[in-house]
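In what follows, a single structure is set out as structure tokens and then discussed.
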2 protein chains.
Amino acid sequence: MSLRIAALGLLAQRPGSGYDLLKLFENSMANVWPATQSQLYSELNKLADGGLIEVTDIGPRGRKVYRITTAGRAELHRWMTDPSADPPFRSAALLRLFLLGQIPQEQARRHLEHTAEHAQAEIARLLALRDSLGLTDSPDADDDAFFGLAALDYGLRLNAMQGEWARDVLTKLDDRRK
Amino acid sequence: MSLRIAALGLLAQRPGSGYDLLKLFENSMANVWPATQSQLYSELNKLADGGLIEVTDIGPRGRKVYRITTAGRAELHRWMTDPSADPPFRSAALLRLFLLGQIPQEQARRHLEHTAEHAQAEIARLLALRDSLGLTDSPDADDDAFFGLAALDYGLRLNAMQGEWARDVLTKLDDRRK
DNA sequence: ATAACCATGTAACTTGTTACATGATTAA
DNA sequence: TTAATCATGTAACAAGTTACATGGTTAT
């Protein structure tokens with residue numbers, strides 16, 4: 001259900017073709033809800049069948065430009081204000097961490113070191129992404145830009161936290177070995 | 001693939017029946033990798049077919065006690081040390097946040113306030129959980145206890161970060177309105 | 001002309017959810 | 001004796017991935 005919303009949400013910001021959305025999914029959206037080309041195109045057809053979006057134009061190479069409808073905006077609003085039907089949260093990384101006691105301690109250490117390095121790399125990637133988007137913190141920025149930046153800031157803080165956590169666990173492991 | 005590992009990981013800690021594992025999934029494991037009863041039982045059969053676990057005993061009411069095999073430990077170890085095949089990370093909460101500009105600002109504010117409150121409540125819940133587990137930070141704690149505490153600490157830091165973030169975004173929204 | 005990119009679609013498969021179905025054992 | 005809990009299974013569906021398939025357009 002959430003991919004449906006992700007597509008709808010992007011079309012709520014501005015009209016575009018499946019290919020346009022695909023590029024957005026490869027860039028910003030992939031960080032919060034990745035989707036494949038295959039899934040996206042079939043979801044757009046379903047959204048159009050359901051009247052939540054409509055085709056406004058067919059360009060060269062069969063390019064279909066979609067626009068959100070009133071019904072689509074209503075559905076998006078409904079989802080935004082009701083988190084009760086969200087799919088359950090799953091994280092393979094957290095699962096691995098939960099089971100870290102099951103591998104030799106030296107390998108667990110290496111995993112934690114890798115986690116810390118990965119967090120650093122993610123921070124660098126997100127900073128580069130922020131620069132490339134050309135969004136500004138200025139007071140005249142629109143809502144989309146404001147919340148886009150806020151989501152990105154969330155990612156930055158998450159990775160900073162993760163790096164600190166991994167380094168602290170490593171320190172505690174050292175203390176234990178003595 | 002990850003549910004397979006979640007079940008395998010629990011059986012690596014101690015043998016148990018499908019029903020035993022189900023209880024663990026409802027409690028601790030649900031935080032990192034929720035699973036339904038249906039999925040768990042069929043996964044256990046697949047694991048047994050593949051020789052990664054084995055039935056050591058059949059009790060009353062057809063209760064089957066499973067134990068991890070050598071092959072199972074090898075598979076678990078392989079997964080633990082290779083995150084490259086992890087399923088992509090998805091979060092409906094992050095998606096909602098990303099699209100927060102699509103609803104009226106007063107409703108977005110309420111959502112952020114709720115996020116901050118929820119983070120506080122989670123911290124209280126995790127602190128209570130930590131106390132109830134009776135785990136200690138002492139140097140003689142075993143690996144499972146040590147990493148269990150580390151995972152819990154991760155949760156505490158995550159929610160602290162989330163609360164701070166939500167409050168900061170609310171402050172920035174206030175600044176923008178002036 | 002040919003490589004890169006634009007543009008969409010379909011089929012087979014895996015993973016996860018919901019609902020239903022069955023029956024044994026234990027505690028009040 | 002009856003309600004709660006123990007204990008497992010199956011079928012239909014929804015969501016997501018991988019691989020394949022087709023062809024138009026633009027830039028070098």
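When reading the values below, keep in mind they use all heavy atoms of this one structure, side chains included, and skip hydrogens, waters and symmetry mates. Order of the sequence lines fixes the chain letters, A, B, ..., with proteins taken first and strands second; residue numbering starts at 1 for each chain.
For the pair B:S42 and B:Y19, both in contact range of DNA chain D, the more 5′-proximal nearest nucleotide belongs to B:Y19.
When rounded to the nearest whole Å, the span between CZ of B:R63 and P of D:dT8 equals 7 Å. Note: CZ (B:F89) to C1' (D:dG16) measures 17 Å, nearest angstrom. Here D:dC6 presents its C1' atom at 16 Å from CD1 of B:I58, a figure rounded to the nearest Å. The nearest whole Å value for the distance from the CG atom in A:L40 to the P atom in D:dA15 is 15 Å. Between B:I5 atom CD1 and C:dT14 atom C1' the separation is 16 Å, expressed in whole Å. If you measure from atom NZ of B:K64 to atom P of D:dA7, you get 13 Å, rounded to the nearest angstrom. Separating the CG atom of B:D20 from the P atom of D:dC6 is a distance of 10 Å, rounded to the nearest angstrom. Across the protein-nucleic acid pair, B:L44 atom CG and D:dT10 atom P stand 13 Å apart, rounded to whole Å.
A 4.5 Å side-chain heavy-atom check between A:F25 and A:P34 finds every atom pair outside the cut-off. Counting heavy atoms from C-beta on, the side chains of A:M161 and B:L158 come closer than 4.5 Å. You'll find the side chain of B:R109 reaches within 4.5 Å of the side chain of B:D174, heavy atoms only. Between A:R90 and A:L95 there is no side-chain heavy-atom pair separated by less than 4.5 Å.
Within the cation-pi definition used here (under 6.0 Å to the ring centroid, within 45° of the axis), B:R176 qualifies as a partner of A:F146.
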Quiz prompt | Test log, rule salt bridge (Lys or Arg N to Asp or Glu O under 4.0 Å), inputs A:D168 and B:R157 | solution = CA-CA 12 Å; A:D168 285 358; B:R157 292 184 190 214; 2.7 Å; yes
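Contact between the side-chain N/O atoms of B:Y41 and the OP1/OP2 oxygens of D:dG9 is not found at any separation under 4.0 Å.
In this structure, the side chain of A:T69 engages the main chain of A:L52 through a donor-acceptor pair within 3.5 Å.
Remark: nothing in residues 75-86 of chain A comes within less than 4.0 Å of DNA chain C through any heavy atom.
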Self-check item: Reading 5' to 3' through nucleotides 15-23 of chain C, protein heavy-atom contacts under 4.0 Å coded B for base, S for sugar-phosphate only, - for none
Solution: SSBBB---B
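Residues A:Q107 and B:H77 bring a donor and an acceptor atom of their side chains to less than 3.5 Å of each other.
With respect to A:D86 and B:R96, a salt bridge is recorded, a charged nitrogen being found less than 4.0 Å from a carboxylate O.
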